[in-house]
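Side chains are part of it too, since the values below use all heavy atoms of this structure and drop only hydrogens, waters and symmetry mates. Below, chains carry the letters A, B, ... as their sequence lines are ordered, and counting in each starts from 1.
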Amino acid sequence: KAGVTQTPRYLIKTRGQQVTLSCSPISGHRSVSWYQQTPGQGLQFLFEYFSETQRNKGNFPGRFSGRQFSNSRSEMNVSTLELGDSALYLCASKQYGEVYEQYFGPGTRLTVT
Amino acid sequence: QKEVEQNSGPLSVPEGAIASLNCTYSDRGSQSFFWYRQYSGKSPELIMFIYSNGDKEDGRFTAQLNKASQYVSLLIRDSQPSDSATYLCAVKSIYNQGGKLIFGQGTELSVKP
């Protein structure tokens, strides 16, 4: 079974721009979560989507948003990029229900200059 | 106090030894516990999960959970140089719907040949 895929893998943007990252979950997984990983803050939860609805949200500003499509694919968007948004953005998927094991994709490395 | 705490390391062990990685958590509503391995430049890979008090073994890995002491550990027997990575402890709380995980900062493990 194919794993979680994320595109693009690497991205360089300029301050003030916006960016959209994409995630395709493992087949059959309907929950998609997004995390930000930085050397200083570690892995931090951004939000989770299930059945096209945001079910959980972390402590990030409103510049960070996401959505999920009917095929469970998810996108996250960051508007008005700041230097501090430079990070590895990870998507994780899990099955529906009382199954909590999440599997991560390879991540998108975003650099803001 | 951080919600999930790990010693940052590095923890250095000789090849063939037992590596012991520890994690404490503050939320008494924590119900599910995960260990991820992350190689440098890669995304986290799920290696163990545990839901009940006691030990859970999978090959060379053993996860130990003590909810009364709010403590979870990972033992790696017969450590190999290929085990050198950062090990992330993650916790899911009963108070969080869905898949939100809280991660520790990770412990860097170095296995010396």
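- For B:Leu88, the part lying near chain A is the side chain, with the backbone staying farther off; criterion is any non-hydrogen pair under 4.5 Å.
- Around atom CG of A:Asn71, more than 12 heavy atoms belonging to other residues, nucleotides or ligands sit under 6.0 Å away.
- Proximity to chain B among residues 30-43 of chain A is limited to A:Ser33, A:Tyr35, A:Gln37, A:Pro39, A:Gly40, A:Gln41, A:Gly42, A:Leu43, judged by heavy-atom separations below 4.5 angstrom.
- Of the atoms belonging to B:Leu46, it is side-chain heavy atoms, and not backbone ones, that fall under 4.5 Å from chain A.
- Rounding to the nearest 0.5 Å places CD of B:Gln38 at 7.0 Å from CG of A:Leu90.
- Grouping the Ile, Leu, Val, Met, Phe, Trp and Tyr side chains by contacts below 4.5 angstrom, directly or via other members, places B:Leu101 with B:Tyr51.
- With hydrophobic clusters built from ILVMFWY side chains whose heavy atoms lie under 4.5 angstrom apart, A:Leu11 does not share a cluster with A:Val4.
- A 6.0 Å sphere centred on NZ of B:Lys112 holds no more than 12 heavy atoms belonging to other residues, nucleotides or ligands.
- Using a 4.5 Å cut-off between heavy atoms, B:Glu45 does not touch chain A at all.
- Heavy atoms only, all atoms of each residue included: A:Glu101 and B:Phe34 are closest at CA-CE2, 3.8 Å.
- Taking B:Gly106, B:Gly104, B:Ser43 one by one and counting their heavy-atom pairs under 4.5 Å with chain A, the maximum is reached by B:Ser43.
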request  = Tell me, with the steps shown, if A:Gln102 and B:Tyr36 meet side-chain contact (heavy atoms from CB on, under 4.5 Å).
outcome  = CA-CA 10 Å; A:Gln102 292 185 35; B:Tyr36 286 84; 3.6 Å; yes
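- For residues 103-113 of chain A, a heavy-atom distance under 4.5 Å to chain B picks out A:Tyr103, A:Phe104, A:Gly105, A:Pro106, given by residue number.
- Remark: B:Arg60 CZ is packed, more than 12 non-hydrogen atoms of other residues, nucleotides or ligands lying under 6.0 Å away.
- Linking Ile, Leu, Val, Met, Phe, Trp and Tyr residues whenever their side-chain heavy atoms come within less than 4.5 Å places A:Phe64 and A:Leu83 in a single cluster.
- At most 12 heavy atoms of other shown residues, nucleotides or ligands fall within 6.0 angstrom of atom CG in B:Asn7.
- When the side chains of ILVMFWY residues are joined at heavy-atom separations under 4.5 Å, either directly or via intervening members, B:Trp35 and B:Phe61 end up in a single hydrophobic cluster.
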